[in-house]
Amino acid sequence: MSKDTSTTTNRHIIADAFVTSSGKAQLIGSRCSRCETYTFPKSFTCPNPVCDGSDIATAELSHKGRLASFTIIHYPPPPPYVAPDPFEPFAIGAVSFAEGIQIIGPMTDCDPWDLTMGMEIETVVEPYYTTRDGVSVIGWKFRPVSEERE
Amino acid sequence: MRDVAIAGVGLHPWGKFPNKSWVQMGAEVAVEAVADAGLQWIDIQAMVAGSMQWGGSTGMRAGNTLAAALGETGIPIANINNACASGGSVLRSAWLMIAAGIHDVVLAIGTDKSPKGFFPSVPILSEEPDEPVDMLRWYLGLPNPGYWALEMKKRMATHGSTEEHLAKVKVKNSRHGSLNPYARYRKTFTIEEVLASPMVCDPLRLYEICATSDGAASVLLTSVDYAKRSSIPMVKLAACSLSSGQFGDPTMRIPLLSAVSDERATAPLLSESKIAAEMAYTQSGLGPEDIDFVELPDNSSWHELQYLETMGFCEPGESEKLLDDGVTSLGGDLPVCPSGGFSSFGEATMAQGLLQVVEATWQLRGTAGDRQVEGAQIAMTEVYGAQANNSACILTT
Ligand SMILES: [Zn+2]
């Protein structure tokens, strides 16, 4: 489910945003128990203006979702993005989960030009970049579900 | 509520001016608007300015900086930052002061020198427990046009829009911009040239995304009664709305990482933009069918296609046909961005909402030169800001 995340010193790109404990990576958001609105990253509040729910609990999202949209970034974004050298165009996807929320993340393990709208996607946890003092910063990414891998 | 008139306007040419400060650019357009109205600097009773985040502390208080340069008179000065919709927000505040009868002469002004390339994040210097979301999307590597590309990809899947449509928006706006001496880019492009420009955030190409520019614009508002003293043809600011986003909107908003899924959406895409347009129609008692031309926020070609629907000029998926049929070109039934739009000017976030109103004013006065919309009597402008900020204006003769 993930690669290179266990051996080196690593740091999460954002605290409490994903888990891998089930063996499959899942994003963590929050859920309002009254109106069932999900938020990501997790929130202290319910963003629904007509809901006065105050019972906001941590909630794991489905491991898999559908590719709602994607774009291929052809130029290195400015810092704090850490661009690999040489830079290669990469894809960012918006993945729609059954919980009613779409979330953006970098696409991995795929040729960006092979992505198609609506394809089945799974969540993984992978390195984003390595800091100058050797800390591997890890975060969520998305990849097409592949029968070969399963 | 009192009727509000646009008594004077000022516009600096847009481009890159490394040897000129934003203060000088702002001072020039302030003086120009005051002179255009036939008034003196000391006649101004209040000023609202765009709070320019790229300009440090004095930029954040741009209005006070300009007053210090042009002469302090003790008037109320407010500095507002609503991202790229700042110009609209500034004008709205000035409009309210006059409509409410508190002041008779109010200057709305925006002056801006933008950083090069993708707009960067503004550094957070306070001590915070967590990484702010604006930084997170940069670690992911998603610049502003990437957000627009995500929406355009959906539009292509839903409505069958093509890369040619994106290019055609640029072709049209480049023709308009070529006629405007204030525009930064005055070259006309063919579809082939636009499609040959480098891909930036697929499916958006370099020429389909507006650049970042230096620019300044000002609008001097007065009550209609006050403006009747002037010999300039009367242009009224019949509506000036301000809106924010609505819960349940599926737009992936800069700089957020999530949105409600399209299937579960309970509000329209770009809800804030739809609300701003509807608010302007309600304020003015006019509707889309009354509008003679539009200055909309063509931050990218996607925006132009989307905003025509969001503002109520056509049904979802019909913008492409309006473009194909020449309806939105100068000479068509509903010219869109006769100024050349942000496509020809580039973004100067504090000033671009005012730029649109300056252009609309000149058009309604009949002084827009080669790009004049014949017989224009009612104009609409709308500006788009990050994090769900929006403002729309309706101007009448
Ligand atoms: Zn709730």
Side-chain angles (χ1 to χ4, degrees), chain A residues 12-17 27 29 36-41 46-51 61 65-83 89-106 112-113 115-118 128-129 137 139-141, chain B residues 115-121 123 129-158 198-206 209 245-248 250-253 255-267 302:
Chain A
H12 288 200
I13 187 93
I14 167 177
D16 305 329
L27 291 168
E36 300 187 357
T37 294
Y38 281 81
T39 44
F40 179 85
C46 173
N48 182 348
V50 297
C51 174
L61 300 181
R66 295 271 167 194
L67 190 59
S69 193
F70 64 96
T71 178
I72 303 170
I73 311 291
H74 286 252
Y75 284 89
Y81 180 77
V82 182
F90 66 99
I92 293 217
V95 173
S96 180
F97 292 94
E99 289 78 11
I101 188 169
Q102 51 184 325
I103 293 174
I104 56 175
W113 281 269
L115 295 171
T116 54
M117 299 287 278
Y128 271 39
Y129 64 96
V137 177
W140 74 96
K141 293 188 183 181
Chain B
K116 276 183 189 166
F118 293 133
F119 280 138
S121 59
D130 300 310
E131 196 82 80
V133 165
D134 191 32
M135 298 303 280
L136 281 172
R137 60 101 170 207
W138 285 117
Y139 284 114
L140 265 64
L142 193 59
N144 293 1
Y147 281 87
W148 308 334
L150 289 172
E151 304 298 348
M152 186 61 207
K153 207 81 172 175
K154 287 183 183 176
R155 186 178 179 89
M156 290 169 131
T158 308
M199 193 65 89
V200 176
C201 297
D202 191 357
L204 294 174
R205 294 177 183 278
L206 185 63
I209 300 166
Q246 197 175 12
F247 175 75
T251 314
M252 194 64 78
R253 285 184 189 138
L256 305 186
L257 305 178
S258 69
V260 64
S261 63
D262 295 276
E263 300 77 26
R264 301 273 187 93
T266 53
W302 166 71

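Below, chain A is the first sequence line, B the second, and so on; all start at residue 1.
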Quick check: does any side chain N or O of B:Y147 sit under 3.5 Å from a backbone N or O of B:L142, one acting as donor and the other as acceptor? no
Relative to chain A, which segment of B:A157 carries a heavy atom at a distance below 4.5 Å: side chain, backbone, both, or neither? side chain
Which bit of B:M252 is near chain A, if near means a heavy-atom gap under 4.5 Å: side chain, backbone, both or neither? side chain
Quick one: closest heavy-atom pair of B:D202 and B:A149, and the distance? O-CB, 3.4 Å
Greatest number of heavy atom pairs closer than 4.5 Å to chain B - which of A:A68, A:A83, A:A94: A:A68
If you count heavy-atom pairs under 4.5 Å between each of A:G139, A:S69, A:G93 and chain B, which one has the most? A:S69
Applying a strict 4.5 Å limit to non-hydrogen atoms, the region of A:F40 in contact with chain B is both
Side-chain touch B:M156/B:P203, heavy atoms, less than 4.5 angstrom: yes
With only heavy atoms counted, which part of A:A15 is less than 4.5 Å from chain B, the side chain, the backbone, both or neither? neither
Less than 4.5 Å to any heavy atom of chain B: does that hold for the side chain of A:Y129, its backbone, both, or neither? side chain
A:I13 side chain reached by A:W140 side chain, heavy atoms, under 4.5 Å: yes
For A:A17, is it the side chain, the backbone, both or neither that has a heavy atom under 4.5 Å from a heavy atom of chain B? neither
Name the option with the most non-hydrogen atom pairs under 4.5 Å to chain B; the candidates are A:I92, A:V95, A:V50. A:I92
Could you tell me whether the side chain of B:S258 and the main chain of A:Q102 form a donor-acceptor pair under 3.5 Å? no
Using non-hydrogen atoms only, which part of B:L136 is less than 4.5 Å away from chain A: side chain, backbone, both, or neither? side chain
For chain B, the option from A:P106, A:P47, A:P41 that forms the most heavy-atom pairs under 4.5 Å: A:P47
Yes or no on ring pair (Phe, Tyr, Trp, His ring centres under 6.0 Å) for A:Y81 and A:F90, after CA distance, side-chain angles and deciding distance? CA-CA 13 Å; A:Y81 180 77; A:F90 66 99; 5.4 Å; yes
Are the side chains of A:W113 and A:P89 in contact, using a 4.5 Å heavy-atom criterion? yes
Which bit of B:L256 comes within less than 4.5 Å of chain A, counting heavy atoms only: side chain, backbone, both or neither? backbone
Non-hydrogen atoms of B:C201 and B:G146 that approach each other most closely: SG-N, 3.6 Å
